Trainee: 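Structure incoming, see below.
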2 protein chains.
Amino acid sequence: MGLKERKERDRQEMKETILQSAHQLFVDKGFDDVSIRNIAEAIEYSPATIYLYFKDKNEIFYALHGEAFKKFNEFLAPLATVKDPFKRLIKMGELYMEFTFKFPKYYDIMFIMQAPMDCDVNSKEWKEGESAHSQLENVVNECQLQGYFKGKEYKTLSFLIWSTMHGMCSLALRDRLKIYEEQERSKMIDKSFKMFKQILSEL
Amino acid sequence: MGLKERKERDRQEMKETILQSAHQLFVDKGFDDVSIRNIAEAIEYSPATIYLYFKDKNEIFYALHGEAFKKFNEFLAPLATVKDPFKRLIKMGELYMEFTFKFPKYYDIMFIMQAPMDCDVNSKEWKEGESAHSQLENVVNECQLQGYFKGKEYKTLSFLIWSTMHGMCSLALRDRLKIYEEQERSKMIDKSFKMFKQILSEL
DNA sequence: AAAAATAATAAACAGTGTTCATTTTAATAA
DNA sequence: TTATTAAAATGAACACTGTTTATTATTTTT
């Protein structure tokens, strides 16, 4: 009687196949430059078949969005070994930045791209994203227990820290540093990040 | 003998007409959702005509990009009346934020959208953008002369300040604050901006 | 083996940016 | 004023896009 189950398994496998192809193309070219037809061609199915497994391109967006956050959370795994909360916060920033420039297309989909309105706040993809964020809030909170960031609301400060990191990363990714000389440019991110860390340590 | 000149004037007028239509549509719908055909229809010309005045859609992007920065610089005009450099810096941040949420489509094109690689660094559109940025660096520099931000490179700090403002604004514009409760969300930007101003004052 | 259910697809629709041969309009010369 | 030349505008096409639907092929069930 394992028929229904096998059917369901096949279905999940097909979804997985589609997503793997989408993933591959997407990492190379970015979401907007990958068409349904591209994905279909890669898996040697017709474009219409994609629509039997995903409602529309947005649904693929969300799947990749979730995948990106999962990858991001894995990327943050080394944090577990850092006991001191402030050091962990700093390390977190460093990993954030490393991830950004190592997987720019993922960063794009995670934080920059116009995300479709209708997202399911209860999906496991969403939880994956929430996890990363609460990890930040937790470490900031822990810092406060150790005497850092006195008199500052940890949630607000967390958002401010995230904003700063995101600002630097997204301006770089979206080529808004051309106001700086070629040489200056590459070091601007490093220098400002260094300054940011210093400011945090004196807060 | 003013024939060549009139021709050139007509040409500029037509470019202006196209740009005005593009502008209007764009402010409503955003760049990606405005097609060449939309613009053509609005000015009652054929789509092909647009290409007699603009090389491609990117060239229209740049024109609007320049326009946005011009508008932004005008928006910053009130700064001239603020003598104290630190107060001026704060006011600049407030205007930056106000501009962002008043003209989100412009902000998008200025700082978020993937800008085409081939931009002319010597164009007047570009200078307009540079002006806003050097205004920031100048005011930060002036702050230092008054004793603020001791021991910090003003250019680096300027970028860090910009990054923070951009981070908050762009995360909000791109709907990345859904991790916060509906009620909390609307106040998060205000609270973090307030905290940022406080941090700056103690730097 | 026939009937019912499922899966895959070809073809079409309405849209996109862009190009080019053709036609219309305007300026010049006879 | 008319014929010729130069400029401006366009219709139609190309190669794409996301998406839908009627049709065909494949399984599963009777």
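Every chain is numbered from 1, with letters handed out A, B, ... down the list of sequences. Since the model is a prediction, treat every value here as computed from it, not as a measurement.
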Trainee: What integer distance in Å separates A:F31:CZ from D:dT17:P?
Mentor: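 Computing the A:F31:CZ to D:dT17:P distance gives 13 Å.
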Trainee: For residues 129-142 of chain B, which residue pairs qualify under salt bridge (Lys or Arg N to Asp or Glu O under 4.0 Å), counting only residues two or more places apart or in two chains?
Mentor: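 Listed by first then second residue: B:R88-B:E142.
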Trainee: Taking five pairs at each end of the helix from C:dA4-D:dT27 to C:dA30-D:dT1, what angle separates the two helix axes (nearest 10°)?
Mentor: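 It works out to 30° between the end axes.
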Trainee: Kindly list each side-chain donor-acceptor pair under 3.5 angstrom involving residues 196-203 of chain B, sequence neighbours excluded, with atom names and distances?
Mentor:
residue, atom, partner, partner atom, Å
B:K197, NZ, B:E94, OE2, 3.0
B:Q198, NE2, B:E202, OE2, 2.8
B:S201, OG, B:Q198, O, 2.6

Trainee: Rounded to whole Å, how long is the line connecting atom CG of A:D32 with atom P of D:dT17?
Mentor: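 Answer to the nearest Å: 12 Å.
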Trainee: Between A:D28 and A:K105, is the closest basic N to carboxylate O distance under 4.0 Å?
Mentor: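 No, this pair does not count.
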Trainee: Between A:I50 (CD1) and D:dT19 (P), how many Å, whole number?
Mentor: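 Spelled out: CD1 on A:I50 to P on D:dT19 is 11 Å.
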Trainee: Using the benzene-type ring in the case of Trp, are the ring centres of B:F193 and A:F159 under 6.0 Å apart?
Mentor: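 Aromatic pair excluded; centres sit 6.0 Å or further apart.
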Trainee: Return each pair, listed once, that meets salt bridge (Lys or Arg N to Asp or Glu O under 4.0 Å) where at least one residue sits in residues 180-190 of chain B; pairs must be two or more places apart or across chains.
Mentor: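 Residue pairs passing salt bridge (Lys or Arg N to Asp or Glu O under 4.0 Å), neighbours aside: A:K155-B:E184, B:E182-B:R185.
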Trainee: Tell me the interatomic distance from A:K57, atom NZ, to C:dG15, atom P, rounded to whole angstroms.
Mentor: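 Rounding to the nearest Å, NZ of A:K57 and P of C:dG15 are 19 Å apart.
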Trainee: For A:I36 and D:dT17, what is the distance between atoms CD1 and P respectively, to the nearest whole Å?
Mentor: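 Taking atom P of D:dT17 as the reference, CD1 of A:I36 is at 10 Å.
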Trainee: Strictly under 4.0 angstrom, non-hydrogen atoms only: write out the protein contact profile of nucleotides 4-14 of chain C, one letter per nucleotide from the 5' end, B, S or -.
Mentor: ---SBBB-B--
Trainee: With sequence neighbours left out, write down each residue that passes salt bridge (Lys or Arg N to Asp or Glu O under 4.0 Å) with B:K191, or none if nothing qualifies.
Mentor: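 Salt bridge (Lys or Arg N to Asp or Glu O under 4.0 Å) list for B:K191, sorted by chain: A:E153.
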Trainee: Please state how far atom CD1 in A:I60 lies from atom P in D:dG18, giving the value in whole angstrom units.
Mentor: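 About 9 Å, once rounded to whole Å.
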Trainee: Name the atoms and distances for all side-chain donor-acceptor pairs under 3.5 Å in residues 43-51 of chain B, with sequence neighbours left out.
Mentor:
residue, atom, partner, partner atom, Å
B:S46, OG, B:A48, N, 3.4
B:S46, OG, B:T49, OG1, 3.3
B:T49, OG1, B:S46, O, 3.3

Trainee: Below 3.5 Å, can you tabulate the donor-acceptor pairs from side chains in residues 13-27 of chain B to any protein atom, sequence neighbours excluded?
Mentor:
residue, atom, partner, partner atom, Å
B:T17, OG1, B:E13, O, 2.8
B:H23, ND1, B:E67, OE2, 2.6
B:H23, ND1, B:Y106, OH, 2.5

Trainee: Using the ring-ring contact (aromatic ring centres under 6.0 Å, His included) criterion, which residues pair with B:F99? Sequence neighbours excluded.
Mentor: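 Applying ring-ring contact (aromatic ring centres under 6.0 Å, His included) to B:F99 gives B:F72, B:F75, B:F103.
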Trainee: Rounded to the nearest Å, what distance is computed from the CG atom of residue B:D33 to the P atom of nucleotide D:dT17?
Mentor: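 So the CG-P distance, B:D33 to D:dT17, works out to 18 Å.
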Trainee: How many Å lie between CD1 on A:I18 and C1' on D:dG18, as a whole number?
Mentor: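 Spelled out: CD1 on A:I18 to C1' on D:dG18 is 15 Å.
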